[in-house]
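One structure below.
One-based numbering, in listed order, for ligands and for the atoms of each.
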Amino acid sequence: MIVVKFGGTSVGDAAAIDRAAAIVRGRMPGRPLVVVSAMSGATNALIAISEQASKGHLVGAVRSVEVLREKHLQALADLVPDETVVREVGAELSASFDDLARLAEALSVLGYLTARSQDAIAAQGELLSSQLVVAAFRARDIPAEFVDARQVMITNDRYGRAEPQVDAIAERARERFLPILREGRIPVTGGFIGATSEGVTTTLGRGGSDYSASLFGAALQADAIEIWTDVDGMLTADPRVVPDAKLIERIRFDEASELASFGAKVLHPSTITPAVRRGIPVYVYNSRRPEGAGTLITSDAPRRPVSAIAAKPSTTVVKLRSARMLLAPGFLRTVFDIFERHRTSIDVIATSEVSISVTLDDAENLEALLVDLRALGDVSVDRGRGIVSVVGAGLTDGSNAMARAFAALGDARVHMASVSATGINLTLVLDADQVTPAMQRLHDAFFGGAPGGAAGSAS
Ligand code: ADP
Ligand code: ASP
Ligand code: MG
């Protein structure tokens, strides 16, 4: 079997869902399990609704619920010719919107928002889109069957960023998906959402539908995982920042994973891990151009000095200086324990004899973290920084890639630089306003057609 995942824009309106149906029809011999995101913009709208409502702006929140209702019902009417079906499915979808409006009302009375209630609201996007997609597929004679992802994606209770429980998921996936697949039907489920073992709704974090697809694929030993999105595949840079970014037809698991972690939003950073563990190839395709070559991510793709450039437009740098660090074994462990305690993961790290600088992926628990770090030495925080990463498995294989990277940066100020021992990533912390120009210059140096560029070979 294969997993076929459609992102938000790939189910964003009736025309997109129609294209998705055609893609799935072509995949039927491979026995697909279909995973869908919320319609594009829906998750943002739902999060805004929960925030507005809890701040007491109920009228605005309810108005947004109605806009979303209209968007889903319109798509349904455009996709399904049979009016009885439109009425029946429309009534089901509408009941969810009524619930949503009631939830918003409850939040406005409560006057505060918990991560748990936000998940309950955000999860509606995938529940609605998956039901809509099932109706559209059936209207096209594709034997689709809705599966509520919360019955399969069992997670812990870290609301907003729940961690999947792999063994429970494997068991549930076999129970819920396999019988449907065996009968030659197509399970359709929502990405991004899950539930605790007690049945409370959770989400995997923004962009988490890719991760769902990969977890389901690993659970069922899929032959392939296909991520259908709005660009031709993984590109040499984000095409929104570098319009002439080029398609990477084959890329290694470790490079794709690194790119995702350092800002290439085309894949959720955790997507690759379950696939690697089971050796399942991951493909990225453009749902608007299904005939394109796409990207194949595997362990044995060619090893290039530089495969792509990624960036995170903003990050927080924390610097700790401490004389106690000098020749003191165990000091770094004390520091890392503090980060672990505050559930804060580190992106980039650089150390000297008496100082350590790190960048934080998520500064949510920063204040509490700083209190504990100050007990170890002088601490300072730099906001307004960004990260640019040059990723390539052969970065340190003796090519001149490093020298070229630094030359391309010109006079941009580098606050931190780090190269992993496996030589897969050169990561640079710059002033936030330097991130875009640096990315463009680096891209030009490695992939541009200009003299000195190395289009295609990136040597
Ligand atoms: P989906 O809704 O299908 O999950 P996303 O918006 O999450 O789509 O991810 C696709 C977007 O990722 C693209 O539109 C593109 O702007 C962005 N992106 C960032 N870096 C890259 C890259 N290296 N290759 C391809 N796309 C990238
Ligand atoms: N709908 C969710 C989001 O917008 C998950 C996803 O699209 O992957 O973050
Ligand atoms: Mg995405």
Residues Ser10 and Arg19: side-chain donor-acceptor under 3.5 angstrom:
no

Checking a contact table here: which protein heavy atom is nearest atom 25 (C) of ligand 1, and how many Å away?
Gly233 O, 3.3 Å

Mind checking whether Ala308 has a heavy atom under 4.0 Å from ligand 1?
no

Ligand 2 polar-atom proximity to protein (N/O, under 3.5 Å):
| residue | atom | partner | partner atom | Å |
| --- | --- | --- | --- | --- |
| ligand 2 | 1 (N) | Thr43 | OG1 | 2.7 |
| ligand 2 | 1 (N) | Glu126 | OE2 | 2.7 |
| ligand 2 | 4 (O) | Thr43 | OG1 | 3.3 |
| ligand 2 | 4 (O) | Arg206 | NH2 | 2.9 |
| ligand 2 | 7 (O) | Ser37 | OG | 3.1 |
| ligand 2 | 8 (O) | Gly207 | O | 3.4 |
| ligand 2 | 8 (O) | Gly208 | N | 3.4 |
| ligand 2 | 8 (O) | Ser209 | N | 3.0 |
| ligand 2 | 8 (O) | Ser209 | OG | 3.2 |
| ligand 2 | 9 (O) | Arg206 | NE | 2.6 |
| ligand 2 | 9 (O) | Arg206 | NH2 | 3.4 |
| ligand 2 | 9 (O) | Gly207 | N | 2.8 |

Work out which heavy atom in Gly217 is nearest to a heavy atom in Ile280; give both atom names and the distance.
O-CD1, 3.5 Å

Using a 4.0 Å heavy-atom threshold (strictly under), name the region of Arg240 that reaches ligand 1: side chain, backbone, both or neither.
side chain

Numbering the atoms of ligand 1 from 1, which are under 4.0 Å from a heavy atom of Met234?
24 (N)

Does the Lys312 side chain pair with the main chain of Ser389, one donor and one acceptor, at a distance under 3.5 Å?
no

Just need the protein heavy atom nearest to atom 2 (O) of ligand 1, so name the residue and atom and give the distance.
Gly8 N, 3.1 Å

Give me each pair satisfying side chain to side chain donor-acceptor pair (under 3.5 Å) with a member in residues 263-279, each pair once, sequence neighbours excluded.
none

Do any N/O atoms on Thr236 end up under 3.5 angstrom from N/O atoms on ligand 1?
no

Hey, are Thr203 and Asp119 close enough side-chain-wise for a donor-acceptor pair under 3.5 Å?
yes

Does the cation-pi check pass for Arg27 over Tyr285, that is, NZ or CZ under 6.0 Å from the six-membered ring centre and within 45° of its axis?
yes

Any idea which heavy atoms bring Phe262 and Asp347 closest together, and the distance?
CZ-O, 3.8 Å

Nearest-neighbour protein heavy atom for atom 15 (C) of ligand 1, which is reported as residue plus atom name and distance:
Asp238 OD1, 3.5 Å

heavy-atom search around atom 23 (N) of ligand 1 in the protein gives Leu235 O, 3.0 Å

Counting heavy atoms under 4.0 Å, the part of Ser37 that contacts ligand 1 is neither

Between Gln440 and Asp444, does any side-chain donor sit less than 3.5 Å from a side-chain acceptor?
no

Looking at ligand 1, does any of its N/O atoms fall within less than 3.5 Å of an N/O of Ala264?
no

Between Val231 and ligand 1, does any nitrogen or oxygen pair lie at a separation below 3.5 Å?
no

Got a sec, which residues hit side chain to side chain donor-acceptor pair (under 3.5 Å) with His72, two or more places apart in sequence or on another chain?
none

Tell me which protein heavy atom sits closest to atom 13 (C) of ligand 1, plus the residue, atom name and distance to 0.1 Å.
Asp230 OD1, 3.5 Å

Can you check side-chain contact (heavy atoms from CB on, under 4.5 Å) on Asp99 and Gln124, steps first, answer last?
CA-CA 10 Å; Asp99 288 347; Gln124 290 301 318; over 6 Å; no

Under 3.5 Å, is there a donor-acceptor pair between the Thr43 and Arg206 side chains?
no

Is a side-chain donor or acceptor of Thr189 paired with a backbone partner of Val147 at a separation under 3.5 angstrom?
yes

Can you pull the side chain to side chain donor-acceptor pair (under 3.5 Å) pairs that have at least one residue in residues 209-220, sequence neighbours excluded?
Lys5-Asp210, Ser37-Ser209

Residue, atom name and distance, where the atom is the protein heavy atom closest to atom 6 (O) of ligand 1:
Lys265 NZ, 2.9 Å

Heteroatom proximity flag, Thr229 to ligand 1, N/O under 3.5 Å
yes

So do the side chains of Leu100 and Leu46 get within less than 4.5 Å of each other, counting heavy atoms only?
yes

Note the single closest protein heavy atom to atom 26 (N) of ligand 1, along with its residue, its atom name and the distance in Å.
Val266 CB, 3.4 Å

Atom 4 (O) of ligand 1 sits nearest the protein heavy atom Lys5 NZ, 3.2 Å

